[in-house]
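So that the names make sense, note that chain A is the first sequence line, chain B the second, and so on, each numbered from 1.
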There are 2 protein chains.
Amino acid sequence: MYRLTNSFPYLLNRVGVQMGELFSRRIAGYGVTLPMYRVMAALWETGDQRLGDLASMTTIEISTLSRLVGEMKRRGLVTRARLKDNGRTVAINLTPKGRTLVEELIPIAIHFEEVAVRDFPSKNISDLKTVLAEIYESLKSLEPEIEEANKARKAAKSKG
Amino acid sequence: MYRLTNSFPYLLNRVGVQMGELFSRRIAGYGVTLPMYRVMAALWETGDQRLGDLASMTTIEISTLSRLVGEMKRRGLVTRARLKDNGRTVAINLTPKGRTLVEELIPIAIHFEEVAVRDFPSKNISDLKTVLAEIYESLKSLEPEIEEANKARKAAKSKG
DNA sequence: TAACAATAATTGTATTTGCAAATATCGGTC
DNA sequence: GACCGATATTTGCAAATACAATTATTGTTA
């Protein structure tokens with residue numbers, strides 16, 4: 001018998017939402033939101049990113065990210081500039097202020113992660129991470145059937 | 001060296017967002033959103049819920065859920081009625097229409113889950129689910145230190 | 001039983017989000 | 001080198017979301 005509360009997406013989402021919510025509250029005093037932290041941490045790991053790359057790295061929708069980066073620029077946390085050799089794209093980077101801030105926040109993130117997983121052997125956790133990364137990859141195989149199913153449904157509907 | 005892209009919350013969130021996005025697209029043709037599906041699946045598993053319980057079961061913020069349930073009632077998917085013996089609380093249930101619909105959607109959800117995890121031995125997956133459930137529990141221990149940290153920060157600030 | 005605190009849900013309002021359309025630039029081709 | 005499709009980002013706009021304040025009911029106690 002199917003139970004939502006034993007399904008993988010449910011268990012996943014619940015932990016994700018809760019961790020996000022707790023971390024948000026923890027860093028609120030620094031004047032940054034969770035999406036801002038994600039952007040800064042992504043840039044700290046791999047700077048000089050284009051908007052699209054940053055979007056796929058953070059799984060933030062691109063128009064949302066465009067506005068978010070605008071706000072972060074306004075606050076002096078990041079820079080954004082059109083490239084000279086390719087005017088379509090922008091280069092996004094941390095400012096010194098942004099770097100200082102994210103380097104304050106990363107230890108907090110590390111602590112959160114440690115607390116969350118401290119009851120499990122580190123082997124299990126690294127396995128878990130591997131599984132999560134591979135599941136993400138295997139989701140790609142669902143894409144084509146989504147379009148097909150929608151097409152089939154549409155056709156059936158117009159037929160009656 | 002810390003890397004966002006190897007952190008547990010990142011890997012988790014990325015899979016969660018992506019699964020949600022794909023499933024949303026898959027069920028869009030049925031005229032329901034992902035949050036609506038979650039509510040219906042939760043009610044299918046455990047009907048006759050109060051709003052607050054439904055909120056914690058689905059990890060949807062309560063005011064958001066209040067409006068969502070209103071919309072679902074309007075669409076004839078759920079019922080919502082004040083209790084006779086306790087007028088503060090409401091009882092939320094699936095209508096026959098809602099039940100029929102969610103029973104169409106659940107097989108799709110099951111299929112998605114199967115595809116996502118089919119490269120892994122089922123033992124690993126059930127371990128993974130256990131770990132996710134336990135991590136969720138252990139997050140509770142972070143609550144008190146969040147308040148403390150914020151209080152400490154505030155105090156330090158007002159002092160100079 | 002009147003007064004007040006606690007609980008449950010809803011609503012006001014401002015912010016965030018995402019789709020679709022618009023804008024800007026590049027790369028190729030005739 | 002003008003034109004056209006492809007790529008990258010931004011913006012218009014409507015819907016979704018969350019926090020705070022409000023409403024409604026219940027439980028407690030003096």
- Item | From CA spacing to verdict: side chain to side chain donor-acceptor pair (under 3.5 Å), A:E143, A:S141 | CA-CA 6 Å; A:E143 296 251 6; A:S141 69; over 6 Å; no

- Rounding to a whole Å, what distance do you find between B:D85:CG and D:dT25:C1'? 12 Å

- Query: Between A:Y37 and A:F23, does the ring centroid distance fall short of 6.0 Å?
  - Reply: yes

- Which residue lies more 5' along DNA chain D, comparing A:E21 with A:R82 via nearest heavy atoms: A:R82

- Quick one: B:R38 CZ to D:dA16 P, roughly how many Å, whole number? 15 Å

- Query: Looking at D:dT9, does its base get a donor-acceptor pair with the side chain of A:R88 below 3.5 Å?
  - Reply: no

Side-chain polar contacts of residues 38-53 of chain B - donor-acceptor pairs under 3.5 angstrom, sequence neighbours left out - could you list them?
| from | atom 1 | to | atom 2 | distance (Å) |
| --- | --- | --- | --- | --- |
| B:W44 | NE1 | B:E103 | OE2 | 2.9 |
| B:E45 | OE1 | A:L4 | N | 2.9 |
| B:E45 | OE1 | A:T5 | N | 3.0 |
| B:E45 | OE1 | A:T5 | OG1 | 3.1 |
| B:E45 | OE2 | A:T5 | OG1 | 2.4 |
| B:D48 | OD1 | B:N93 | ND2 | 3.1 |
| B:Q49 | NE2 | B:T46 | O | 3.1 |

- Using modelled atom types only, decide if a donor and an acceptor are shared between the side chain of B:Y136 and the backbone of B:V131 within a distance under 3.5 Å. no

- Message: Please confirm whether the shortest side-chain N or O distance from B:R50 to OP1 or OP2 of C:dT7 is below 4.0 Å.
- Response: no

- Note on the structure: 5'-most contact on DNA chain C (nearest-nucleotide basis), B:Q49 vs A:L83, goes to B:Q49

- Here the residues of residues 58-77 of chain B within 4.0 Å heavy-atom distance, strictly under, of DNA chain D are B:E61, B:S63, B:T64, B:R67

- Message: Per the side-chain hydrogen bond (donor to acceptor under 3.5 Å, both in side chains) rule, what does the pair list look like for residues 67-90 of chain A, sequence neighbours excluded?
- Response: A:E71-A:R74, A:E71-A:R75

- Message: Keeping B:S7 on the side-chain end and B:R3 on the backbone end, is there a donor-acceptor pair under 3.5 Å?
- Response: no

